[in-house]
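Chain identifiers are assigned alphabetically (A, B, ...) following the order of the sequence lines, protein sequences preceding nucleic acid strands; residue numbering begins at 1 within each chain.
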Amino acid sequence: MKYDFKSIESKWQKRWQDEKSFKALDDYSTPKYYALVEFPYPSGAGIHVGHPRSYTALDIVARKRRMQGYNVLYPMGWDAFGLPTENFAIKNHIHPAIVTKNNVARFKSQLQSLGLSFDWDREINTTDPGYFKWTQWIFLKLFEHGLAYKTTMPVNWCTSCKCVLANEEVVNGVCERCGSEVIRKEKSQWMLAITKYAERLIDDLDLVDYIDRVKIQQKNWIGRSTGAEVEFDTTKGDKLLIYTTRPDTLFGATYMVMSPEHPYIEKWKNDLENYDEAVAYREASAHKSDFERTEMQKDKTGVMLKGVRAINPVNGREIPIFVSDYVLMSYGTGAIMAVPGHDTRDWEFAKKFGCPIIEVVKGGDVEKEAFVDCDTGVMVNSGFLDGMSVEQAKEAIIKWLSDNGKGHSKVNYKLRDWVFSRQRYWGEPIPLVYCEKCGWVPIPEDQLPLKLPEVDSYEPTDNGDSPLAKCEDWINTTCPHCGGPARRETDTMPQWAGSSWYFLRYMDPHNDKALASPEALKYWGMVDWYNGGMEHTTLHLLYSRFWHKFLYDIGVVPNPEPYAKRTSHGMILGSNNEKMSKSRGNVVNPDEIVETYGADTMRLYEMFIGDFEKAAPWKTDSIKGCRRFIERVCAMADNVAPGDEYSKKNEGAMHRTIKKVSEDIENLKFNTAIAALMSLLNIFSENGVNKAEFMTFLVLLNPFAPHITEELAESFGVKDTLVRYPWPKYDESKTVEESVNIAVQVNGKLKGVVVLPLDCDEEQAKKAALDDEKVKSAIEGKNIAKIIVVKNKIINIVAK
RNA sequence: GCCGGUGUGGCGAAAUGGUAGACGCCCGGGACUUAAAAUCCCGUGAGGUAACACUCGUACCGGUUCGAGUCCGGUCACCGGCACCA
């Protein structure tokens, strides 16, 4: 058969569409399977070859599950709010909704050309009011439960653009757009209290099957540490509270450090002899750009406060208090006890400012450097802790602190609350109004969705407020609570909002009474398999787990975790082994590949390219191999002998290949699954092939190359599509061969191969090995010390 | 600096502690063809040989083991993430 991929692919894509082959059924009595890939941001550039790697992989899983009898939900949608669309709209004076619509149309046709088995009836779009109604609804629930709050906090501020920048827009401490200095500026922002879920977000990782690197990265990001809070008295009476993970080193604390933003600087205004100096230091560090802060990391700066000193609770010693920006206000209590003997940063600071350095754990040389990795050391110069191990000392000092009312053990997290405001147009409006009398008031549920107003310009205002701030008609409203005048919030939500719950909407995408019906939420339950990029591990994945836990707490969803299994694909790199980007000129357009080689070849190549979890460089040359494979399959189809069961000759290979392909798909080893199918085809060309064998081969290949396998199956008389054709089964006992090649080693070096019956006994194996000519000459003149026989594998003769 | 990952032919890569390089690309030879392309067959880690034999070989150094690409300790290089988190 000639391989006319264009007509074959459009024929089957049309048939799948007409028959709604991939529709997830609302029949809740069949076992379900929910496969999910991250929905894309529909950028103007269209998809690149990286997108299909993930989509094809789970398409293979979804197709296999359908053949295994599951009711499969494999949906797709659009995460369409966001900056690039807004910037494009500003530049070209087109409404972002129109930009979005065009981009979505392009993306959709590109994805459809790949034959991905999405259920397009469940397509969603985060910018659709029917969708973001529920994003706003969830926000209101968070607000209702005290998890959304407004606070002033430092943001990135471009001094030239007079605009708030996202972290991603700050490159090397300067504005990505204009190259000007970026400083930190206080601005009022909506926050979500994700930190209240920090503990559960770590602990519940035990409930789910995520690949290790995802779990580790999430744990590190949340950053749990166990230590103690200790109260230091001061000479002015106020108590200074600090956090430390090393309470055991309390005797080595020779000074204190407060963050420049610490409120005590104001509190002690009248006590400080050098208040002005402290304030000047605070101002200077506020104006430090991110760039300076990281560059200056090594060079510690600070001011010693004059007029107030702290008292070490454990020995009553008076020690000085410094202000330094190496201590962060946002972590712990914003103040530390400095133990220069056993902390690198404290050591550097102490050396510069001439503070004493005391060794409290034996083993290092604290004059040369801080002795930090001292867990196995013994306490010294530490009063009643002397002689204890670090671990014992920690326990003892925490007991002493609580007995004396000076402190207690404490767990801290690096995770910060989520800055949820954006001063931008193209996002979900935050559905709150501000009333002078009532404060922040949610708009009533029946008034959702709160839609975006039409505006003339999407540009941010001069003072960094949202473009919505210019929309007086929209802003001015009445308070739902008291009926008085009120003003709408003009900030919008970040792009992460819509993607934090989208997988729930797929379960019941057209519901206008709830984000999804309780029945649908119960039936589809957890996403069975979610694949996506590592770059989303600490943002999207964590945010959506947080929202889901909240929805669980308020009884909306039945499971505490959203995703049962999470895997991650490696990036597709350019042929020069660098990240694909326009500026590097190494971008491959998938449309051209589909046009030249066909979707099946494209899919096969993306899966064959290498280890799914690792980055892989794109080589257009290598695609030919996958195309040739398909053509050889077509050629083979013309030479299929009749036969309703596997021939004796091919039986073993058939069962082995079914097993290999079935298992490899589950283990993300798509590359070796394809290699196994190629090998089977090679066996067919050697041994010949009958219809039963070839049909099994087609079914195994179908998830990878769905179009051509449908076409060939039809030519063999299959009436229905292969979508629900039963997945082949294998017989374990038939996967093994009757005779096996056993390698014979002498002293660990390969000397020969003997062919023996399967499971043959040790004596027979030894005899066969010793009879081998090469083995004989290798052991000539030596004494055989012993012979190791590993059944069906190897024989090793140890000879001296 | 810390955390995670990776290092195997000319290239993409395979290999539950058990015959290193499956499968594919490139390349070379042959068949078919007037010829070329396509296709099919054969070869293809390095050294060595007329051909075998043989020797070496999974970043580097050491260890465990009958046996190490795989496990352990150390070193180097590259990639990703975090980065003054007390």
Which label fits B:G9, syn or anti, where anti is any glycosidic angle not within 90° of 0? syn

Any donor-acceptor N/O pair under 3.5 Å between B:U16 base and A:K793 side chain: yes

For A:V790, report the nucleic acid contact type (base, sugar-phosphate, nothing); a contact means any heavy atom under 4.0 Å. base

Does A:Y331 make a side-chain N or O approach to OP1 or OP2 of B:A86 shorter than 4.0 Å? yes

Taking OP1 and OP2 of B:C78, is either one under 4.0 Å from a side-chain nitrogen or oxygen of A:N577? no

When all nucleic acid strands are considered with a 4.0 Å heavy-atom cut-off, which category describes A:R224: base, sugar-phosphate, or nothing? nothing

Under 3.5 Å donor-acceptor pair, A:K300 side-chain atoms to B:C84 base atoms: yes

For A:N682, report the nucleic acid contact type (base, sugar-phosphate, nothing); a contact means any heavy atom under 4.0 Å. sugar-phosphate

Classify the nucleic acid contact of A:D611 as base, sugar-phosphate or nothing, counting any heavy atom under 4.0 Å across all strands shown. sugar-phosphate

What is the distance, rounded to the nearest whole Å, between atom CG of A:D325 and atom P of B:C84? 10 Å

Less than 4.0 angstrom from a charged side-chain N to a carboxylate O is my criterion; do A:R566 and A:E38 meet it? yes

Please check if the number of heavy atoms outside A:E391 that lie under 6.0 Å from its CD is greater than 12. no

List the residues meeting salt bridge (Lys or Arg N to Asp or Glu O under 4.0 Å) with A:K767, not counting sequence neighbours, and say none if there are none. A:D771

Assign A:Q745 to base, sugar-phosphate, or nothing according to its heavy-atom contacts below 4.0 angstrom with the strands shown. base

Scan A:S225 against the nucleic acid and name what it touches under 4.0 Å (heavy atoms): base, sugar-phosphate only, or nothing. sugar-phosphate

Nearest-nucleotide check on RNA chain B, A:S679 vs A:A615; residue mapping nearer the 5' end is A:A615

Give A:N741 one of three labels, base, sugar-phosphate or nothing, depending on what nucleic acid heavy atoms sit under 4.0 Å from its own. base

Is it true that a side-chain atom of A:T735 and a backbone atom of A:H655 form a donor plus acceptor pair closer than 3.5 Å? no

Tell me what A:I788 touches on the nucleic acid: a base, only sugar-phosphate, or nothing, going by heavy atoms under 4.0 Å. base

From the options B:G18, B:U19, B:C84, select the nucleotide whose nearest atom is closest to the side chain of A:L750. B:U19

Of A:T333 and A:I674, whose closest RNA chain B nucleotide lies nearer the 5' terminus? A:I674

Could you report the tightest heavy-atom contact between A:G752 and A:D772, atom names first, then the distance? CA-OD1, 4.4 Å

Please tell me if A:K669 has a side-chain N or O lying less than 4.0 Å from either OP1 or OP2 of B:A15. yes

Looking at B:C25, I'd like to know if its phosphate oxygens (OP1 or OP2) sit under 4.0 Å from a side-chain N or O belonging to A:R628. yes

Under 4.0 Å, heavy atoms only, any strand: does A:Y413 hit a base, just the sugar-phosphate, or nothing? nothing

At a cut-off of 3.5 Å, list every protein nitrogen or oxygen paired with a nitrogen or oxygen from nucleotides 2-7 of chain B, distance to 0.1 Å.
residue: B:C3; atom: O2'; partner: A:N220; partner atom: ND2; Å: 2.8

Runs of at least three consecutive Watson-Crick or G-U pairs, both distances under 3.5 Å, are what I'm after; which ones involve RNA chain B? B:1-7 with B:76-82, B:10-12 with B:23-25, B:27-31 with B:39-43, B:45-47 with B:54-56, B:59-63 with B:71-75

Taking 4.0 Å as the cut-off, does a side-chain nitrogen or oxygen of A:N671 come that near to OP1 or OP2 on B:A14? yes

